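What you see is a predicted model; the values in this text were computed from it and never measured. We're numbering straight along the sequence, starting at 1. As the structure lists them, so they are numbered: ligands from 1, and atoms in each ligand from 1. Every heavy atom of this structure was used, including side-chain atoms; hydrogens, water molecules and symmetry mates were not.
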Amino acid sequence: MRSNIDGHFLLIGLMAYPIRHSLSPQMQNTIYSKLNIPYVYLAFEVDQEKLPDAIKGLRALGLRGSAVSMPNKQVVCQYLDKLTPAVEMSGACNTISNDNGVLTGYNTDGMGYMRMLKEAGVNMIGKKITILGAGGAGTAIAVQAALDGVKEITIFNQKDECYTKIEAIAEKLNQNTQCQVNVLDLADKTQLRQEIATSTVLCNATGVGMKPLEGQSLITDPTMLHADLIVTDCIYSPRKTKLLEIAEQQGCKTLNGIGMMLWQGAAQIKIWTGEDAPIEYVKEKMGFND
Ligand code: NAD
């Protein structure tokens, strides 16, 4: 517990519902303490009904900013003054920065994923990525990858409402970036095999592999993974999903969702405080090395 909180401290919020389970308050406050910077991060149970008032409150109380999670990521955009290109493209915001009353919406999920790859020594400029799943995480990754200079993105999704949404976003990305974005049906395993064969990175951005689908993988045939492939999973609990297990057996380099989570939080800290997060320290403190 910090005992030095005085009248100069600034508040950063997290607006979502439900949210009490989130690791973010602990992670963010651990970093502020370590850096000895005057910020406090608190979670607020805010649903879509309360959101307009919560944003007014953020402005009135002069919060430095807020994280935003479900169910508010899309609907919050209409209450903000400015949106980054990633938020414009994806229609989803997970971070608000309050700069002297001007609210800007960012999406740090895609930034976190791309930073995780960079930190692992993976240069994606001019390369191809195949993404499984186009919900919040998959969309944020696809949009940031396209904006960052990835050459080609193939997104596989089952034929649900996410499929229609990502088709429209892919069209926007194709018109507004240099990236070639394709959307294909996850049920087509022949195309999935072909797309993976020419990819540098494969990314699982579905919940398949975590509870209640723990032990399952969208890739069941190991021969679909070539040894040079980098296989990533957005899931961080469990640390090693079935997909990562299969990938490891095929000799692939693997990365779980911890890095994405840490680096998206680090991107938020940079936005709110201008500071670089001490990533290795947080990993240790939060037990992410275990
Ligand atoms: P979401 O609900 O927005 O999207 C889920 C996606 O999974 C959709 O594309 C949906 O079509 C697909 N899907 C669901 N069930 C499926 C099934 N049985 N077979 C095939 N596809 C299926 O969820 P989200 O917020 O995008 O989260 C996706 C995953 O990413 C979750 O595991 C979540 O924990 C993880 N995530 C991790 C981070 C991180 O920082 N590491 C951040 C966000 C999300």
Side-chain angles (χ1 to χ4, degrees), residues 14 16-19 21-24 26-28 67-75 86 90-95 106-117 119-120 130-145 153-170 183-189 192 201-220 231-244 254-269 277 279 282-283 286 288:
L14 164 57
Y17 187 83
I19 199 54
H21 62 282
S22 171
L23 293 177
S24 295
Q26 194 190 349
M27 188 169 110
Q28 290 279 333
V68 180
S69 196
M70 294 318 284
N72 301 323
K73 282 185 173 182
Q74 281 92 22
V75 73
S90 65
C93 159
N94 77 338
T95 305
Y106 295 80
N107 192 319
T108 63
D109 280 334
M111 292 163 79
Y113 181 83
M114 294 305 289
R115 181 71 187 268
M116 170 196 74
L117 288 182
E119 292 294 321
T130 291
I131 302 173
L132 311 177
T139 301
I141 291 167
V143 167
Q144 194 63 49
I153 303 171
T154 302
I155 304 161
F156 285 88
N157 207 90
Q158 58 191 12
K159 291 270 180 143
D160 57 15
E161 68 279 7
C162 290
Y163 193 95
T164 328
K165 275 193 200 156
I166 197 65
E167 275 190 315
I169 292 169
V183 179
L184 296 171
D185 186 355
L186 185 59
D188 189 339
K189 297 299 178 217
L192 181 56
V201 170
L202 171 68
C203 168
N204 175 44
T206 74
V208 178
M210 67 183 272
K211 277 185 186 136
L213 303 174
E214 192 166 342
Q216 297 186 31
S217 167
L218 290 174
I219 307 287
T220 47
V231 180
T232 72
D233 205 319
C234 292
I235 294 171
Y236 50 81
S237 179
R239 301 279 193 269
K240 196 186 286 183
T241 56
K242 184 74 183 169
L243 171 65
L244 296 189
T254 61
L255 297 164
N256 66 22
I258 293 280
M260 176 181 175
M261 181 176 53
L262 285 169
W263 285 111
Q264 76 76 26
Q268 292 180 316
I269 287 173
I279 290 292
V282 190
K283 265 193 200 166
M286 301 281 296
F288 292 154

- Message: Please evaluate residues Gln216 and Lys242 with respect to the criterion side-chain contact (heavy atoms from CB on, under 4.5 Å), reporting the C-alpha separation (whole Å), side-chain torsions for both, the decisive distance (0.1 Å), and the verdict.
- Response: CA-CA 6 Å; Gln216 297 186 31; Lys242 184 74 183 169; 5.9 Å; no

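At a threshold of 4.5 Å between non-hydrogen side-chain atoms, the residues Thr206 and Leu218 count as touching. For the pair Leu202 and Ile219, the minimum side-chain heavy-atom distance is below 4.5 Å.
In this view, Asp109 and Lys73 satisfy the salt bridge (Lys or Arg N to Asp or Glu O under 4.0 Å) rule, not counting sequence neighbours. Contacts of Thr154 classified as side-chain hydrogen bond (donor to acceptor under 3.5 Å, both in side chains), with partners at least two apart in sequence or in another chain: Asn182, Glu195. Taking Thr232 as the reference, Tyr113 meet the side-chain hydrogen bond (donor to acceptor under 3.5 Å, both in side chains) condition, with sequence neighbours excluded.
For ligand 1, residues of the protein lying within 4.0 angstrom by heavy-atom distance are Gly133, Ala134, Gly135, Gly136, Ala137, Asn157, Gln158, Asp160, Cys162, Leu186, Ala205, Thr206, Gly207, Val208, Met210, Leu213, Leu218, Cys234, Ile235, Tyr236, Gly257, Met260, Met261.
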